[in-house]
Amino acid sequence: MSTTTFWLAILGAGAVTFALRVSLIALLGRLEVPPFLERALRYVPAAVLTAVVIPLLFYQDGALEASVGNERLLAGLIAVLIALRTRNVLLVLGGGMAALWALQAVGQSL
Amino acid sequence: MTTTTRKASRGIGLRSPTRSPDQGTRTRSIALELDGAMAESAKPASPGAVFLSGARAIAPVALALAPLGLAFGTAAMGSGLSALEALGMSVFVLSGAAQLAALPLVSAGASVAVVVLTVLVINLRFVLYSAALAPHFKNLSAGWKALLSYLIIDQVFAEAITRFDRGEVQEHARRWYFLGVALPILAVWLACTVGGVYLGSWVPEGWSLDFVLPLIFIALAVPAVKDRATGAAALFAGVTALFAASMPLNLGLITAALVGVSGGLVAESMIERRNK
């Protein structure tokens with residue numbers, strides 16, 4: 001991505017985000033949130049977050065790599081287990097990185 | 001009480017005479033607010049004191065945000081962004097999940113439209129926050145509305161709206177309380193973005209620090225699955241993402257997100273029907 005495209009994308013994303021934030025504060029009384037949107041929004045965090053993380057774990061250099069040889073996938077699964085048990089961001093980060101380093105070390109020694 | 005009145009009248013006295021019609025209404029509304037404040041409580045706090053009480057309330061949350069900010073900076077650096085570019089994202093977008101989700105798109109060279117569309121879907125929730133805050137900000141000037149809107153962030157909204165809805169902050173003090181809550185969050189977010197980029201650049205490449213990005217999303221995604229319907233949303237999104245990742249124009253993420261949301265809605269109505 002070129003520098004110009006990058007800044008265009010960021011300014012566009014910023015403008016859209018500001019429009020969403022200011023929307024009903026500016027239009028008070030003239031517009032309401034449709035109930036359907038309110039229901040749908042409940043599922044955005046779970047859907048988006050999962051949609052981001054899955055390709056990052058399963059794809060390596062643009063190719064699907066769903067095997068025990070994929071250290072990132074295994075370390076990611078360990079991080080999911082830590083997140084389920086502790087709900088602590090720092091432990092997930094620390095534990096996940098440690099798991100990746102350990103798996104990479106094992107992979108190199110084999 | 002007297003100090004507030006004196007400050008208000010001094011402020012109006014300093015303004016240029018060309019804006020006198022506006023001043024009249026402003027003086028009246030201040031007087032009305034002060035009457036209301038007197039009825040509610042014996043000692044209305046000064047803007048500075050209200051600002052500080054907001055800052056104190058948010059301090060632990062602001063500290064807890066630091067690892068996420070550092071992780072964003074580090075992940076941005078891992079995606080090939082400079083400190084200025086990472087800071088630009090934090091200033092203009094100011095939304096952790098959207099910024100983090102945009103990183104893989106940006107480093108894969110996605111088009112402007114795809115980045116903007118993805119950020120739009122992730123940040124749609126701000127419309128709900130805007131709706132909830134609107135009645136509390138309705139008497140403010142356009143400038144104040146714009147400033148406070150820019151500062152709507154998940155943590156800020158959560159802290160402010162509970163106090164506002166319980167009536168714990170008087171109407172004339174709400175903007176100062178909101179600023180007091182928002183500015184520490186903004187400061188931590190911007191400082192940690194830059195700090196994270198430099199932290200990331202010290203670390204040798206063999207440490208695979210780009211793995212911080214999926215880890216952060218795991219830490220956020222697991223608590224987002226609260227019940228069977230949100231679980232279905234995650235499942236549909238995950239399976240779609242697995243097969244849509246090679247879609248042209250990097251449209252995989254947005255496709256998977258929309259399929260996931262639809263899956264959640266379908267699961268919700270199925271669960272409702274069964275419970276009837």
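Numbers restart at 1 for each chain; the letters A, B, ... are given by sequence-line order, proteins then strands. Values below: all heavy atoms of this structure, side chains included; hydrogens, waters and symmetry mates excluded.
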Walk me through it: do B:Glu85 and A:Ile10 pass the test side chain to side chain contact (heavy atoms under 4.5 Å, CB included)?
CA-CA 9 Å; B:Glu85 288 170 331; A:Ile10 294 319; over 6 Å; no
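- Comparing A:Ser23, A:Pro45, A:Ala15, A:Ser2 by how many heavy-atom pairs each has under 4.5 Å with chain B, the most go to A:Ser23.
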Test side chain to side chain contact (heavy atoms under 4.5 Å, CB included) applied to A:Leu24 and B:Val127, step by step:
CA-CA 7 Å; A:Leu24 291 166; B:Val127 174; 3.6 Å; yes
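- Of all the listed residues (B:Ala102, B:Ala134, B:Ala224), the one sharing the greatest number of non-hydrogen pairs under 4.5 Å with chain A is B:Ala134.
- Atoms CZ and OG, on A:Arg72 and B:Ser208 in that order, are 5.5 Å from each other to the nearest 0.5 Å.
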Test side chain to side chain contact (heavy atoms under 4.5 Å, CB included) on A:Ile54 and B:Thr240 and set out the steps.
CA-CA 9 Å; A:Ile54 291 294; B:Thr240 311; over 6 Å; no
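- The shortest distance between side-chain heavy atoms of B:Arg125 and A:Val44 does not fall below 4.5 Å.
- For the residue pair B:Ala101 and A:Val52, the shortest heavy atom distance occurs at CB-CG2, 3.9 Å.
- The shortest non-hydrogen separation linking A:Arg21 to B:Ile153 is NH2-CG1, 4.3 Å.
- Comparing A:Leu100, A:Asn88, A:Leu8 by how many heavy-atom pairs each has under 4.5 Å with chain B, the most go to A:Leu100.
- Across every non-hydrogen atom of A:Trp7 and B:Phe92, the tightest pair is CZ3-CE1, 4.2 Å.
- Considering only heavy-atom pairs separated by less than 4.5 Å from chain A, the leading option among B:Gly263, B:Ala229, B:Ser95, B:Ser262 is B:Ala229.
- Between chain A and the options B:Ala245, B:Ala241, B:Ser149, the largest number of non-hydrogen pairs under 4.5 Å is found for B:Ser149.
- Closest approach of A:Gly76 and B:Phe211 over heavy atoms only: N-CZ, 3.9 Å.
- Within the 4.5 angstrom heavy-atom criterion, atoms from both the backbone and the side chain of A:Val80 approach chain B.
- Contact count against chain A (heavy-atom pairs under 4.5 Å) is highest for B:Ala234 among B:Ala234, B:Gly260, B:Ala257.
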So B:Phe217 and A:Thr50, side chain to side chain contact (heavy atoms under 4.5 Å, CB included) or not? Walk me through it.
CA-CA 8 Å; B:Phe217 275 97; A:Thr50 313; over 6 Å; no
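- Contact of the A:Val89 side chain with the B:Leu220 side chain is not registered, since no non-hydrogen atoms from C-beta on lie closer than 4.5 Å.
- B:Val222 has its side chain out of reach of A:Arg85: every pair of non-hydrogen atoms, C-beta onward, lies at least 4.5 Å apart.
- A 4.5 Å side-chain heavy-atom check between B:Leu124 and A:Leu37 finds at least one atom pair inside the cut-off.
- No side-chain heavy atom of B:Tyr150 sits less than 4.5 Å from a side-chain heavy atom of A:Val22.
- The two residues A:Val48 and B:Leu253 come nearest to each other via the heavy atoms O-CD1, 4.2 Å.
- For A:Leu11, the part sitting under 4.5 Å from any heavy atom of chain B is the side chain, from C-beta outward, and nothing else.
- Interatomic distance, B:Lys145 NZ to A:Ile25 CD1, rounded to the nearest 0.5 Å: 8.5 Å.
- For A:Arg87, the part sitting under 4.5 Å from any heavy atom of chain B is the side chain, from C-beta outward, and nothing else.
- With values rounded to the nearest 0.5 angstrom, A:Leu20 atom CG is found 11.5 Å from B:Ile122 atom CD1.
- Atom-to-atom distance recorded for A:Phe18:CZ and B:Leu94:CG is 11.5 Å, nearest 0.5 angstrom.
- Side chain of A:Tyr43 to backbone of B:Gly231: no donor-acceptor contact under 3.5 angstrom is found.
- Side-chain atoms of B:Leu120 and A:Thr17, non-hydrogen and from C-beta on, never get closer than 4.5 Å to each other.
- Interface remark: of the candidates B:Ala131, B:Ala113, B:Ala256, B:Gly109, B:Ala131 forms the most heavy-atom pairs closer than 4.5 Å to chain A.
- With respect to chain A, the highest number of heavy-atom pairs below 4.5 Å among B:Ala237, B:Ser82, B:Ala71 belongs to B:Ala237.
- Closest of all the heavy-atom pairs between A:Gly14 and B:Val93 is N-CG2, 4.1 Å.
- Taking chain B as the reference chain and counting heavy-atom pairs below 4.5 Å, the highest number among A:Ala75, A:Ala83, A:Pro55, A:Ala47 is found for A:Ala47.
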